[in-house]
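It should be emphasised that the depicted structure is a prediction, and the values quoted were computed from it without experimental measurement. Both counts, for ligands and for their atoms, begin at 1 and track the order of listing.
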Amino acid sequence: MVVGDFAIELDTVVIGSGPGGYVAAIRAAELGQTVAIIEREFIGGVCLNVGCIPSKALISAGHHYQEALDSSTFGVTAENVKLDFEKTQEWKQNGVVNKLTSGVKFLLKKHKVEIIEGEAFFVDEQTLRVIHPDSAQTYSFNNAIVATGSRPIEIPGFKFGGRVLDSTGGLSLKEVPKKFVIIGGGVIGAELGAAYANLGSEVTIIEGTPQILPTYEKDMVKIVEDDFKQKGVKIITSAMAREAVDNGDSVSVRYEVDGKEETIEADYVMVTVGRRPNTNDMGLEQAGVEMNERGLIQVDNQGRTNIPNIYAIGDVVPGAALAHKASYEAKIAAEAISGKKVAVDYKAMPAVAFTDPELASVGMTIKEAKEAGLEAKAFKFPFSGNGRALSLAKTEGFMRLVTTVEDNVIIGAQIAGVGASDMVSELALAIESGMNAEDIALTIHPHPSLGEIVMDASELALGMPIHI
Ligand SMILES: Cc1cc2nc3c(=O)[nH]c(=O)nc-3n(C[C@H](O)[C@H](O)[C@H](O)COP(=O)(O)OP(=O)(O)OC[C@H]3O[C@@H](n4cnc5c(N)ncnc54)[C@H](O)[C@@H]3O)c2cc1C
């Protein structure tokens, strides 16, 4: 500490303002803690600024464009459909992202959370140093919540810059690439691949493993693959990306498949092979906080690290890197600091891929249930058996329920189809509450709605389906 730099005392300090950090700050304030939040870049973190929200905005723009180009199924035709991508980007930024991030700032202020702009470094387990562009300040704290999130992984041969993009670059392109190569067919790569294919790009996805979207089951992914095929998206699996050469007005991407070297030319290449936690270079070692070999912070079931007054949540801790997981852990950590007897329970954690169609899963797959030693069964109800899906002309896909054999308790669900991202919540509630298929089958669902598929699938699990 330099002479004259007196430490400012804080009660609860949250580092990072993503869906983990800002939710933790608000909940802690609601519980009566005096809270400060430190952010080095944008309020709202990755999700609001360069993740979930802008990607969903581009996905939605792609759908509107495709519908305008071809809605002939409904007898609707249009001429001279044009895409003004500059306007799309302007809407995404000002109409969506900025509105949401100013909403978060408003909420933080409303809850009297002090916002400190700057980069935080731990000095020890009770002290932080916050570096601003032209000054620095020391803070002492009683409790800290680390919510510093993650950043894209850079792979050898693909140095980010110019025509070699990370997901942030992929979201802020000024033009729709004529040819777009995506390295990594996980959720982020597949979502943006679908979005740009809908916006008019010729997309190639290069994936290292034998299947794109490897976290979803084969029969679900097959439906997305069929859609990619229809869009003309080329998927190359079991392929290793080797190098990108930026030619100034194009990029050459070299990869290896079946022992052969291939090269494709594109306007841009985007690398979405994974993300790494922001836990290095912030003094966590000085505070004595333990991390695993991947740089993830080890926490107990309340989000507490090995240092009792330091908590960690979101992408910096093990588990799926999802925004709603970060926000969930945030509330548990804030409540634990307030002395509440809370603990995380990930039994009903949904995951969604906003592809065409959407994929969603919650709870266990049948394979996981069997591996866990449960006597379980699985039933699949097709979207083609649902009137609303038919009226939307979106009948591809299915909902699968996984239930116990003995008493039909819902333990898992997987959905591939339109609206899956919204439908999965009912099933998360069912799993969270320990409901069985009869509870759902006896719940009146509005007709005609996609939600009826949940009821139909439950009737199927009970052996008394009406619509199949
Ligand atoms: C393209 C893309 C699409 C995605 N889509 C989805 C989706 O649809 N659904 C979903 O659930 N998830 C999605 N995700 C993942 C989601 O964005 C993350 O899981 C989520 O943002 C993690 O939240 P977090 O609070 O842990 O951290 P982050 O959102 O990463 O926020 C961390 C914040 O901490 C700040 N910070 C870091 N270090 C310091 C420091 N030393 N001092 C001060 N501040 C610091 C950073 O600037 C950042 O603002 C997507 C991600 C990407 C990249």
Side-chain angles (χ1 to χ4, degrees), residues 13-25 36-60 92 97 101 104 115-122 128-132 136 139 144-153 165-172 182 184 186-193 195 215 270-284 287 296-297 303 311-331 333 349-355 358-360 421 424:
V13 62
V14 180
I15 308 161
S17 71
Y22 85 77
V23 170
I37 192 164
I38 307 171
E39 173 54 58
R40 69 177 178 194
E41 209 173 357
F42 318 107
I43 293 287
V46 166
C47 182
L48 270 63
N49 291 282
V50 291
C52 327
I53 298 300
S55 60
K56 263 73 276 174
L58 282 191
I59 288 168
S60 131
K92 184 201 82 185
V97 170
T101 53
V104 171
I115 300 174
I116 301 169
E117 286 171 22
E119 184 156 15
F121 296 87
F122 282 91
L128 279 172
R129 186 102 176 122
V130 179
I131 313 290
H132 312 279
Y139 294 87
I145 301 177
V146 180
T148 48
S150 61
R151 61 182 186 284
I153 292 179
L165 313 170
D166 59 10
S167 56
T168 302
L171 286 166
S172 56
I182 297 175
V187 175
I188 296 175
E191 285 187 2
L192 290 180
T215 51
M270 180 177 74
V271 181
T272 48
V273 294
R275 299 181 60 81
R276 81 169 80 255
N278 291 325
T279 49
N280 53 341
D281 300 335
M282 60 174 299
L284 282 163
L296 293 163
I297 302 174
Y311 292 70
I313 56 172
D315 283 8
V316 294
V317 303
L322 294 170
H324 43 280
K325 171 181 167 282
S327 301
Y328 171 73
E329 291 168 344
K331 290 178 254 185
M349 176 70 67
V352 173
F354 292 81
T355 41
E358 291 177 352
L359 304 182
S421 58
V424 75

Quick one: are I15 and F122 in side-chain contact, heavy atoms under 4.5 Å?
yes
A side-chain contact here means heavy atoms from C-beta on lying under 4.5 Å apart; do K92 and L171 qualify?
yes
With a 3.5 Å cut-off and sequence neighbours excluded, list the donor-acceptor pairs that the side chains of residues 316-323 form with protein atoms.
none

Restricting to side-chain contact (heavy atoms from CB on, under 4.5 Å), what partner residues turn up for A190, sequence neighbours left out?
L213, F228, T355
Using every non-hydrogen atom in the two residues, find where L128 and I38 come nearest and quote the distance to one decimal.
CD1-CD1, 3.8 Å
Would you check ligand 1 and list the protein residues that come within less than 4.0 Å of it by any heavy atom, ordered by chain and number?
I15, G16, S17, G18, P19, G20, G21, I38, E39, R40, E41, F42, G45, V46, C47, V50, G51, C52, S55, K56, G118, E119, A120, A147, T148, G149, S150, S167, I188, R275, G314, D315, A321, L322, A323, H324, A326, F354
According to the side chain to side chain donor-acceptor pair (under 3.5 Å) rule, which pairs have a member within residues 37-54, sequence neighbours left out?
S17-E39, R40-E119
